[in-house]
Structures are given as structure tokens and as C-alpha cells.
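Within every chain, numbering begins at 1; the chains are lettered A, B, ... in the order of the sequence lines, protein sequences first and strands thereafter.
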There are 2 protein chains.
Amino acid sequence: MKKKARDPEAASVAKIKKAAHKVFLQKGFASTTIRDIAEAAGTNVALLNYHFGSKKNLFEEVMLEKIRELLGRLTPIFTNETTTLEQKVNGLVDSYIDFLLNDPDLVTFILNEIRKGNFDFIVKARLDELVHQSFFMKQLKEASGDVNPIQFLFSIVAMIIFPFVARPVIIQTKLVDQDAFQQMMLERKKLIPLWINQILNGKK
Amino acid sequence: MKKKARDPEAASVAKIKKAAHKVFLQKGFASTTIRDIAEAAGTNVALLNYHFGSKKNLFEEVMLEKIRELLGRLTPIFTNETTTLEQKVNGLVDSYIDFLLNDPDLVTFILNEIRKGNFDFIVKARLDELVHQSFFMKQLKEASGDVNPIQFLFSIVAMIIFPFVARPVIIQTKLVDQDAFQQMMLERKKLIPLWINQILNGKK
DNA sequence: AAATGATTTAATCAAATGATTAAAATATAT
DNA sequence: ATATATTTTAATCATTTGATTAAATCATTT
């Protein structure tokens with residue numbers, strides 16, 4: 001595909017990845033054409049093929065990069081054995097919301113690609129291990145009483161992620177506008193940990 | 001497209017719609033071919049065109065039918081002026097979860113099609129009006145104190161919908177299996193109203 | 001059994017798309 | 001300056017796909 005690495009090449013590769021990320025997020029894998037990407041990157045299909053070989057290859061490189069970035073932020077929080085459950089929920093909510101505010105369509109996109117069967121790229125990330133073997137789950141289990149701790153995990157992640165999943169709907173239907181959405185998500189950084197506390201304590 | 005209505009015709013139309021619903025949900029609009037649908041329906045592309053004219057037409061007919069069915073269940077709950085907020089949350093959670101258990105991929109599907117720009121079919125459903133002008137929102141606003149009631153609406157809907165959005169991920173990663181998922185959602189019918197109560201009361 | 005409508009078969013069209021190639025042009029390193 | 005790497009242009013190929021058609025077959029009604 002290529003033989004030596006120089007500066008301009010790296011710039012092109014980055015430019016293409018950035019454009020691909022944008023277009024894939026907008027249109028999904030199937031609806032995106034390599035011509036779309038080439039145009040968005042201000043280049044041509046021949047160069048995409050020169051650097052990435054195929055559309056699927058480009059897609060996987062781009063997505064894997066994003067997933068790794070997110071996991072890189074969450075893992076230290078999940079596995080930390082010195083912080084309390086409350087601190088972890090705080091950190092989780094804070095990091096997660098910040099990350100997604102920066103990339104608002106990522107969640108819906110990933111979930112959908114998985115639903116369609118494109119989950120090679122996420123299986124490689126091994127996030128089940130993170131959930132199952134983490135210190136966080138151990139702590140959550142202790143706080144859950146006789147309710148399955150997964151029920152609480154669902155609700156925590158739901159309250160973080162769902163607004164991003166619903167975002168296109170609520171913006172399209174003018175329920176909330178772009179700025180108000182951002183504002184609400186920042187407000188949620190405080191609300192969600194509070195709510196989780198009330199839920200976990202309320203059941204004792 | 002057709003001239004007279006008889007029995008076998010109606011059966012064919014239903015058969016095609018059912019197959020289309022199934023395939024569209026599995027693969028999304030762009031990835032689904034009319035040949036896929038024809039095969040799933042045990043028929044042929046010529047008949048699809050005979051009855052529906054185009055792929056997009058078939059898609060919109062099928063999706064609109066589903067949306068209307070869901071709204072038909074939720075509207076009476078949202079607009080009822082004789083029930084308490086607590087009763088509404090109970091009814092909402094119960095109806096919504098029942099509906100989605102019957103059609104587990106519908107949510108992800110709809111959200112994604114909207115994200116891709118295929119929202120003609122949902123704009124027609126006017127669900128913004130339902131949310132804004134409903135008696136439910138009036139009651140929720142009263143219970144919300146100085147927090148934006150939309151924050152609570154997000155969380156209520158999130159806790160109902162999110163597990164269905166995450167379902168493909170959690171089943172794929174073997175976090176929870178099919179049966180356990182069903183069981184947990186039934187359990188959630190009791191948990192969510194309880195939690196919402198705790199959250200709404202906790203902030204007084 | 002004749003007529004009408006519904007369905008199938010089989011083929012074809014035009015357009016879009018992923019992929020590939022050759023050749024020219026451009027930039028960079030040494 | 002020369003060689004090498006990168007990028008562009010432009011064209012082409014094979015496939016897939018949505019759409020359409022004509023003719024044959026099947027089912028139902030009358």
C-alpha cells in the first residue's frame with residue numbers, strides 16, 4: 001500500500017480519517033460512499049484506496065480509534081480500588097458526558113452498526129471484561145441489595161447516554177434546541193449522581 | 001397500481017409488509033434490498049412494485065403503522081386529566097415496555113433512521129405536540145421544582161428505552177442473555193416507577 | 001368455461017458503487 | 001538535480017440495486 005512514511009502522507013491519512021469519521025457518522029456505513037468521503041476530505045477515491053485499501057478497512061480504523069479513546073477514559077475509573085462508589089459514579093458521569101458532548105452522534109452510530117452486524121470492531125474492545133471484572137461492579141453489587149446490580153448499571157448508563165441517542169429526535173421535533181441541549185447535559189453532570197444516590201439509598 | 005381489492009391481494013400485501021418490517025429492522029433502510037424483502041416474503045420484486053411502487057413507499061407505510069400503534073397506546077396516558085402523575089408513570093412504563101418487548105429493535109431502528117435523515121415518517125406523527133401540550137407535562141412540571149422537567153422526562157424515557165437500545169450490545173457481549181433480558185425488563189416495570197418516585201420526592 | 005384480477009418468471013435497463021489502473025503531476029528528501 | 005514518495009486525474013470494470021416490462025400461470029368469480 002505504501003513503502004515509506006513521510007510528513008505529508010500522515011497529514012493526508014489524518015485528513016481522510018477525519019472526513020471519513022464525519023461522513024460515516026452522518027450517514028452510516030452502508031449509505032456512505034467512498035466518493036462522499038473523498039469529496040469531504042478534498043481528495044479522490046484513488047488516494048483512499050492507496051492508503052486504506054477498502055471502505056471497510058477505513059471504517060474499522062476510524063471507529064476503533066474512537067472506541068479506544070472512550071475506553072481509555074473509562075477504564076481507570078471502573079478499576080480504581082481506592083475510590084468510593086459515589087466517587088466512581090461522579091467520575092463516570094463527568095467523563096462520559098464530556099466525551100459525548102464532543103462527539104454527539106457516536107453512541108447512536110455505534111449501537112446501530114452493531115445492530116446491523118458490524119461489530120467486529122467492538123468485540124475487539126472487550127468491554128464485557130471491563131464491566132464484569134471491574135471493582136466498580138463489585139461495589140455496585142454490594143450497594144444493590146437483592147436487586148440485580150445490572151438493573152442499576154442500566155439506569156446509570158441510560159441517564160448518561162440516552163439523551164444523546166434521543167438527540168436527533170428531540171432537536172428535529174424542536175423539543176429542545178442545540179444550545180439548550182448542551183446546557184442540559186452539563187446540568188445533568190450534577191443531577192445524575194444525585195439521583196443515583198437517592199435510588200441506591202432509597203432501597204435500603 | 002391495482003384496480004380491485006380482493007382477499008388474496010390483502011393477504012399478499014400483509015405478507016410483504018410483515019417481511020419488509022422484519023428485514024428493515026434487521027438491516028436498516030439503505031442496506032435492505034427489495035430482493036431481500038421479496039425473498040423473505042416468499043415472493044418476487046415484481047409484486048412488490050405492483051403493490052407498493054417503490055422501496056421508500058413500502059418503508060414508510062410499514063414504519064408509520066408501527067409508530068401509530070405506539071402513539072395510540074401512549075396518547076391516552078399522556079392526556080388523561082383524571083390520573084395522578086404517579087399513575088401516569090406507572091401506565092407509561094407498563095405500556096411502553098410491553099410494546100417494546102414485542103418489537104425489541106424498533107427503537108434503535110427509528111432513532112437511527114432519523115439520524116440518517118429519514119424522518120419524514122416520524123415528523124408526520126407529531127409527537128412533539130403530544131409532549132408539549134399533554135396534561136402529563138403539566139403535572140411533571142409541578143413536581144419538578146426548579147429543575148427543568150425535561151430533565152426528568154429524559155430520565156424516565158431513558159430508563160424505559162435504553163435497555164432496548166443497548167440490547168444488541170449487551171447480548172452480543174454476553175453481558176445478559178435473551179431470557180434474562182426479558183426477565184429484567186419485566187422486573188423494571190416495578191423498579192422504574194419506584195425510582196422515579198424517589199427522585200421526584202428526594203428533591204423537595 | 002370464460003373473464004378478470006393476482007402472482008410469478010425471467011429478463012432487461014440505467015444508475016450507483018467499490019475497486020482498480022495507468023499515467024501525469026507534484027512535492028520532498030538526499 | 002535526481003530519485004522517490006505522494007497525490008491527482010481520468011477512465012474503466014464488475015456488481016449490485018431499484019425499477020420496469022412482457023408473457024405466462026394461477027385463482028376466483030360469475
Side-chain angles (χ1 to χ4, degrees), chain A residues 1-63 113 116-118 120-121, chain B residues 1-64 112-113 116-118 120-121:
Chain A
M1 206 172 306
K2 57 192 177 181
K3 292 172 186 173
K4 248 186 188 175
R6 286 193 197 170
D7 250 20
E9 190 204 350
S12 280
V13 167
K15 191 179 63 179
I16 292 169
K17 278 189 182 174
K18 191 175 175 184
H21 174 239
K22 184 179 167 186
V23 181
F24 278 137
L25 283 182
Q26 277 172 1
K27 314 179 63 168
F29 180 77
S31 302
T32 296
T33 72
I34 56 177
R35 288 170 178 85
D36 285 340
I37 298 173
E39 192 187 0
T43 179
N44 53 77
V45 289
L47 192 63
L48 296 211
N49 184 258
Y50 176 73
H51 283 307
F52 296 95
S54 74
K55 177 183 163 185
K56 192 179 183 210
N57 216 49
L58 173 56
F59 173 75
E60 293 206 340
E61 284 199 34
V62 168
M63 284 302 110
E113 293 302 329
K116 289 192 289 191
N118 289 343
D120 296 1
F121 70 94
Chain B
M1 205 172 305
K2 58 192 178 181
K3 292 174 187 173
K4 249 187 188 178
R6 286 195 195 168
D7 250 20
E9 189 204 350
S12 279
V13 167
K15 192 178 64 177
I16 291 169
K17 277 188 183 175
K18 191 176 174 182
H21 174 239
K22 185 179 166 187
V23 181
F24 278 137
L25 282 182
Q26 277 172 1
K27 314 180 62 167
F29 179 76
S31 301
T32 297
T33 71
I34 56 177
R35 287 170 177 86
D36 285 340
I37 297 172
E39 192 188 358
T43 179
N44 53 77
V45 289
L47 193 63
L48 297 210
N49 183 258
Y50 176 72
H51 283 306
F52 295 95
S54 75
K55 177 183 164 185
K56 193 179 183 209
N57 214 49
L58 173 57
F59 173 75
E60 293 205 341
E61 284 199 35
V62 168
M63 283 303 110
L64 217 48
N112 194 261
E113 293 301 330
K116 288 192 290 190
N118 290 341
D120 297 1
F121 70 94

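Residues B:T32 and B:A46 both approach DNA chain D. Their nearest nucleotides, taken by heavy-atom distance, put B:T32 toward the 5′ side.
The CD1 atom of A:I34 sits 11.5 Å away from the CG atom of A:L47 when rounded to the nearest 0.5 Å. With values rounded to the nearest 0.5 angstrom, A:L25 atom CG is found 5.0 Å from A:M63 atom CE. From B:F24, atom CZ reaches atom OG1 of B:T32 across 5.5 Å, with rounding to the nearest 0.5 Å. Here the NZ-CG distance, from A:K55 to A:L48, works out to 11.5 Å after rounding to the nearest 0.5 Å. Annotation: the span from B:K22 atom NZ to B:Q26 atom CD amounts to 6.0 Å, rounded to 0.5 Å.
Of the candidates C:dG18, C:dT8, D:dT7, D:dT7 carries the atom nearest the A:Y50 side chain, counting heavy atoms from C-beta on. Ranking D:dT7, C:dA19, D:dG18 by closeness to the A:N49 side chain, first place goes to C:dA19. The nucleotide whose nearest atom lies closest to any side-chain atom of A:N44 is, among C:dA19, D:dT17, D:dT9, D:dT9. The nucleotide whose nearest atom lies closest to any side-chain atom of B:S12 is, among D:dT17, D:dT7, C:dT7, C:dT7. When the nucleotides C:dG18, C:dT7, D:dG18 are ranked by their closest atom to the side chain of A:K55, C:dG18 comes out on top.
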Output field dot_bracket for DNA chain D (Watson-Crick or G-U, both distances under 3.5 Å, | for other-strand pairs) contains ||||||||||||||||||||||||||||||
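Rounded to an integer number of Å, the gap from CG of A:L48 to P of D:dT6 is 16 Å. B:E39 places its CD atom 14 Å from the P atom of D:dG18, with the value rounded to the nearest Å. Protein atom NZ of B:K27 is 15 Å distant from nucleotide atom C1' of D:dG18, rounded to whole Å. The interatomic distance linking A:R35 (CZ) with D:dT12 (P) rounds to 14 Å, in whole Å. Note: CG (B:L47) to C1' (D:dA19) measures 14 Å, nearest angstrom. The separation between A:I16 atom CD1 and D:dT7 atom P is 7 Å, rounded to whole Å. Separating the CZ atom of A:F52 from the C1' atom of C:dA19 is a distance of 16 Å, rounded to the nearest angstrom.
What you find for B:A40 and B:V23 is that their closest heavy atoms are CB-CG2, 3.7 Å.
Applying the side-chain hydrogen bond (donor to acceptor under 3.5 Å, both in side chains) test to every pair with at least one member in residues 37-48 of chain B, sequence neighbours left out, gives no pairs at all.
Between A:T43 and D:dT8 there is a side-chain polar atom (N or O) within less than 4.0 angstrom of OP1 or OP2. Note on A:H51: every side-chain N or O is 4.0 Å or more away from OP1 and OP2 of D:dT6.
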